[in-house]
Amino acid sequence: MLVNTLSLLVLVGSGTVAGTLFAVARAVVPTMVALPGNRYVQVHQLLDRRFDPLLPWVTRVTMATALVLAFLSVSTTSRVLIGAGLAMSVMLAVISDTRNVPINKRIADWDPENAPAEWDELRGRWCRANTVRTVFALGAFVSYSLAAMLV
């Protein structure tokens, strides 16, 4: 019963992160790329206030739950899949913390009507990092889902 509950929590958490990042990659990023500098900065600042506090917390709770689940799981295959999902979740967090979050913090201080000259280059770096972390998030969700089928 505990293993099933933990597995459900991992699926909900990783699915939330993967789904959010997938939606950002497929809908928000193309929209943001089409915006001029002043609108890009304004929209980025507005979105970041909503995403930034939520996704890191959900990712970390999911990783902690997955770690406990890996120790409680009876199947070796399930443990390996949970471990793979956990590794991808860690990579997602590392990319977020070292690439996206520092850029978000810089953009948070910008005046939308006076975007610095490097705004477009930073937007490109943010988008590339977001693509990579989205792939890791989707991979983690798939790995956790396969493990859940074995519980």
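For the single chain, residues carry numbers from 1 onward in sequence order. Because the structure is a prediction, the values reported are computed rather than measured.
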(Q) Taking transitive links into account, so neighbours of neighbours count too, which hydrophobic residues share a cluster with Met1 at under 4.5 Å side-chain distance? (A) none

**Q.** Shared hydrophobic cluster, Leu72 / Leu146 (ILVMFWY, side-chain heavy atoms < 4.5 Å)
**A.** no

**Q.** Within one Ile-Leu-Val-Met-Phe-Trp-Tyr cluster: Leu67 and Leu81, side-chain cutoff 4.5 Å
**A.** no

Q. Distance from Ser75 atom OG to Met149 atom CE, nearest 0.5 Å?
A. 12.0 Å

Q | Ser78 side chain to Val74 backbone, donor-acceptor under 3.5 Å | A | no

(Q) Return the CD1 to OG1 distance between Ile82 and Thr77, rounded to the nearest 0.5 Å. (A) 10.5 Å

Q: Look up atom CG in Leu55 and atom OG1 in Thr59, then write down how far apart they are to the nearest 0.5 Å.
A: 6.0 Å

Q: Please list all pairs passing the ring-ring contact (aromatic ring centres under 6.0 Å, His included) test where one or both residues lie in residues 68-125, with sequence neighbours left out.
A: Tyr40-Trp119

Q: Apply the test salt bridge (Lys or Arg N to Asp or Glu O under 4.0 Å) to residues Glu118 and Arg106: give CA-CA distance (whole Å), side-chain angles for both, the deciding distance (0.1 Å), then the verdict.
A: CA-CA 11 Å; Glu118 77 270 12; Arg106 286 180 67 183; 2.9 Å; yes

**Q.** Results of side chain to side chain donor-acceptor pair (under 3.5 Å) for Thr76 - residues two or more places apart only
**A.** Arg79

Q. Taking a hydrophobic cluster as the set of Ile, Leu, Val, Met, Phe, Trp and Tyr residues connected by side-chain heavy atoms closer than 4.5 Å, whether directly or through intermediates, do Met91 and Val17 fall within one such cluster?
A. yes

(Q) Restricting to side chain to side chain donor-acceptor pair (under 3.5 Å), what partner residues turn up for Gln45, sequence neighbours left out? (A) none

Q. Do you know which two heavy atoms are closest between Ala137 and Leu92, and how far apart they sit?
A. CB-CD2, 4.1 Å

Q: Not counting sequence neighbours, list each pair that qualifies as a salt bridge (charged side-chain N to carboxylate O under 4.0 Å, His left out) and has a residue in residues 59-77.
A: Arg60-Asp97

Q. Atom CG in Leu47, atom CD1 in Ile107: separation rounded to 0.5 Å?
A. 11.0 Å

Q: Output all residues satisfying side chain to side chain donor-acceptor pair (under 3.5 Å) with Ser96, sequence neighbours left out; order by chain, then residue number.
A: Arg133

Q | Backbone N/O of Ile95 and side chain of Arg99: donor-acceptor pair under 3.5 Å | A | no

Q. Which residues satisfy the salt bridge (Lys or Arg N to Asp or Glu O under 4.0 Å) test with Arg39, sequence neighbours excluded?
A. Glu113

Q. What is the distance from atom CG of Leu86 to atom CE of Met63, rounded to the nearest 0.5 Å?
A. 7.0 Å

Can you list, pair by pair, the side-chain donor-acceptor contacts under 3.5 Å of residues 18-38, counting residues two or more places apart and other chains?
unit_1 : atom_1 : unit_2 : atom_2 : d
Thr20  : OG1    : Thr16  : O      : 2.7
Thr31  : OG1    : Ala27  : O      : 2.8

Q: Over all heavy atoms of both residues, which pair between Leu11 and Ala148 is shortest? Give the atoms and the distance, please.
A: CD1-CB, 3.6 Å

Q) So how far is it from Leu150 CG to Ser73 OG, rounded to the nearest 0.5 Å? A) 8.0 Å

Q) Looking only at heavy atoms, which two atoms of Asn100 and Asn130 are closest? And how far apart? A) ND2-N, 3.7 Å

Q | side chain to side chain donor-acceptor pair (under 3.5 Å) partners of Asp120, counting only residues at least two apart | A | Arg123

Q. According to the salt bridge (charged side-chain N to carboxylate O under 4.0 Å, His left out) rule, which pairs have a member within residues 141-151, sequence neighbours left out?
A. none

Q: Sequence neighbours left out, what pairs pass ring-ring contact (aromatic ring centres under 6.0 Å, His included) with at least one residue falling in residues 124-151?
A: His44-Trp126

Q: Kindly give the heavy-atom pair with the smallest separation between Val58 and Thr62, and that separation in Å.
A: O-OG1, 2.8 Å

Q. Linking I/L/V/M/F/W/Y whenever their side-chain heavy atoms sit closer than 4.5 Å, directly or via other members, would Val43 and Val41 fall into one cluster?
A. yes

Q.
Which Ile, Leu, Val, Met, Phe, Trp or Tyr residues join Leu8 in one cluster when any pair of side-chain heavy atoms under 4.5 Å counts as a link?
A. Val12

Q. Given the rule that I, L, V, M, F, W and Y join up when any side-chain heavy atoms are under 4.5 Å apart, are Val94 and Leu138 in one cluster?
A. no

